[in-house]
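The structure under discussion appears below in the form of structure tokens.
Numbers restart at 1 for each chain; the letters A, B, ... are given by sequence-line order, proteins then strands.
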Amino acid sequence: MIALIDCNSFYASCEQVFRPDLKGKPVVVLSNNDGCVIAANSEAKALTDIPMFEPVFKIKDQLLNNGVTFFSSNYTLYGEMSDRVMRILQEFSPLVEIYSIDESFIDLSGMECQDLRAYGIAIRDRIMRYTGLPVGVGIAPTKVLAKLANRRAKKEEGNDHVFVIDSEEKRIDTLHWAKIKDVWGIGRKHTKRIQDTGKYSAFDFTQLPLSWVRKHMTVVGERTWRELQGENCLPLEHSPKPKKAIGTAKSFGKKLKKLSLIEEACSYYINEVSEVLRSQDCCAKYLKIFLETNYHSEHDRQYYNSITVTLEVPTNNTFILNTEGKKALHQIFKPGYRYKKVGVCLSGIVPKEYVQTNLFASTYEKVGLMEAFDRINQKFGKTTLAPALMDTRKINQWELIKEERSPRYTTQWKEVLCVK
DNA sequence: TCTGGGGTCCTAGGACCC
DNA sequence: TCTGGGGTCCTAGGACCC
């Protein structure tokens, strides 16, 4: 058996943990740049029908009139709260697959004879007691069924956020209960295609011939179909796989026309992604830089361009990547546009001990330089050392807007909650 | 005026190899 | 006149996830 543990309205719940005055009140969390709603707690969802990813400016009045509290996203806080939850889960199973910031699959094989519902309740209660975060627990023989069980745990009254599929009757019953779009792995496009054949429940989907599923939804759809019948096709991952691509691209706080400021942001992102790359002991062969204007805006002239640089020798050196990135950016930058976003993406990622060197390469790396660079930044703070191109004093000229960010309660001494 | 960010997997088609 | 057979690698596009 597999359990899926998922935090309820995770970002909003994290904010509420440190603001007990907001208990039982509507809370929403906004995306970067305070652009869209990305999380809303049940009170906020109940109050108004808040569509996720709706631009905030369109619904701000509606939210304010209903006394909803807003937060800008505070990923430092959410990431650290997530670590706490995942550590607790390790007390319940030797195998925990962290699937995302707010959910994990855990292996319960060998425990089938136990009272799994009681076990699920114990997980739910311990996480609440240790972190203050509410979670839902779904337990079933496969991942896709565990996802459905988790959904039912939360949505159906009387389950107290724990639901177990441990018999054929419960499996069939849950498949009838679930709509097609509730199935993990079936998104908007496939839902529509399936509904066009006159099928509406997850059960109906399992009655479609496999040949149809295979033809229209490839092998990915076939796995989902099989998992719903109780056949395991998606094994738990024992260890996190190294990333195949590492990228970052954020909208500027305001539209930028000047190349020099875009350069700053670009070097900042390169610094960030190369640090992630080094943390997994890898090097990258390709560096992609892209630049874009605001495609939502009708009156602005539009421009998008990207360039992928093939590095002579795969590297994770911030300085080499910065030099290459700057050259690439100069090639695609065209004056006269109001730019909204610059992005960088590293790919062709290989473990650093397998890097294929090049006899004629002109780059020369100082051994140990980046290790020292990272250690100093870990000890004294994120940008204690940075390439000169990245002028941290100018950051406010392009950085994202986060007007309502809560304190970083758990990671900054100066921001620790004070109890009187 | 203001519209998120970071990923994965699969397939088809083209270019190329011997 | 007749024009093979077995591959790999890369990219773009589509679908999905949180």
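- The A:Cys36 side chain lies nearest to B:dT3 when the options are B:dG7, B:dT3, C:dC18.
- Protein atom CZ of A:Arg214 is 13 Å distant from nucleotide atom C1' of B:dC9, rounded to whole Å.
- If you check every strand for non-hydrogen atoms under 4.0 Å, A:Lys244 touches sugar and phosphate atoms only.
- Between A:Tyr11 and A:Phe71, the ring center distance fails the sub-6.0 Å criterion.
- Side-chain proximity of A:His296 to C:dC18, B:dT8, B:dG4: nearest is B:dG4.
- In this structure, the nucleotide among B:dG5, B:dG7, B:dT3 sitting nearest to the side chain of A:Lys341 is B:dG5.
- Each of A:Cys345 and A:Tyr75 lies near DNA chain B, and the nucleotide nearest A:Tyr75 is the one positioned closer to the 5' end.
- Ring-plane geometry between A:Tyr75 and A:Tyr78 is classed as perpendicular, the angle between the planes exceeding 60 degrees on a 0 to 90 degree scale with a lower cut at 30.
- For A:Tyr99, the listed nucleotide lying nearest its side chain is C:dC18; candidates were C:dC18, B:dG6, C:dA15.
- As judged by a 4.0 angstrom heavy-atom cut-off over every strand, A:Ser297 is placed among residues making no nucleic acid contact.
- Counting all heavy atoms, side chain and backbone alike, A:Ser201 lies closest to A:Leu175 at CB-O, 3.9 Å.
- When the P atom is compared between C:dC18 and B:dT3, the two are found 25 Å apart, to the nearest whole Å.
- Rounded to a whole Å, the NE2 atom of A:His190 is 5 Å from the P atom of C:dC16.
- Whole-Å rounding puts the A:Tyr78 OH to B:dG5 P distance at 15 Å.
- Residue A:Arg223 places at least one side-chain N or O under 4.0 Å from the OP1 or OP2 atom of B:dC10.
- Remark: A:Lys250 is in phosphate contact with B:dG6, judged by side-chain N or O atoms under 4.0 Å from OP1 or OP2.
- The shortest heavy-atom contact between A:Lys25 and A:Asp21 is NZ-O, 3.4 Å.
- Backbone-only contact: A:Lys147 has heavy atoms under 4.0 Å from sugar-phosphate atoms and none from a base.
- In the displayed structure, A:Gln207 atom CD is contacted under 6.0 Å by more than 12 heavy atoms of other residues, nucleotides or ligands.
- Checked against the 6.0 Å centroid threshold, A:Phe92 and A:Tyr119 count as a close aromatic pair.
- At B:dT3, none of the side-chain N or O atoms of A:Ser251 fall inside 4.0 Å of OP1 or OP2 (strictly under the cut-off).
- With rounding to whole Å, A:Ile101 atom CD1 is found 12 Å from B:dG5 atom C1'.
- Among the nucleotides B:dT11, B:dC2, C:dC18, the one closest to any side-chain atom of A:Ser100 is C:dC18.
- Taking only side-chain nitrogens and oxygens, A:Lys285 never comes nearer than 4.0 Å to OP1 or OP2 of C:dC10.
- A centroid separation of 6.0 Å or more is found between the aromatic rings of A:Phe203 and A:Trp225.
- The minimum heavy-atom distance linking A:Glu404 with A:Phe70 is given by the pair CB-O, 3.8 Å.
- With rounding to whole Å, A:Glu272 atom CD is found 8 Å from B:dG6 atom P.
- What separates NZ of A:Lys243 from C1' of C:dC18 is a distance of 12 Å, to the nearest Å.
- As judged by a 4.0 angstrom heavy-atom cut-off over every strand, A:Glu103 is placed among residues touching the sugar-phosphate backbone only.
- Summary of the strand contacts: A:Val219 and A:Ser31 both lie near DNA chain B, and taking for each the nucleotide with the nearest heavy atom, the more 5' one is attributed to A:Ser31.
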Which dot-bracket string describes DNA chain B (Watson-Crick N1-N3 plus N6-O4 or O6-N4, or G-U N1-O2 and O6-N3, all under 3.5 Å; [ ] crossing; | other strand)?
....||||||||||||||
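- Here the C1' atom of nucleotide B:dG4 and the CD atom of A:Glu404 are 18 Å apart, to the nearest Å.
- No contact: A:Asp34 has no heavy atom under 4.0 Å from any strand.
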Please evaluate residues A:Ser297 and A:Asp300 with respect to the criterion side chain to side chain donor-acceptor pair (under 3.5 Å), reporting the C-alpha separation (whole Å), side-chain torsions for both, the decisive distance (0.1 Å), and the verdict.
CA-CA 6 Å; A:Ser297 168; A:Asp300 275 330; 3.2 Å; yes
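- When heavy atoms are screened at a 4.0 angstrom cut-off, A:Ile186 is found touching the sugar-phosphate backbone but no base atom.
- Between the CD1 atom of A:Ile38 and the P atom of B:dG6 there is a distance of 12 Å, given to the nearest Å.
- At least one side-chain nitrogen or oxygen of A:Lys340 sits closer than 4.0 Å to the OP1 or OP2 atom of B:dG4.
- Distances shorter than 4.0 Å separate none of the side-chain N or O atoms of A:Asn33 from OP1 or OP2 on B:dC2.
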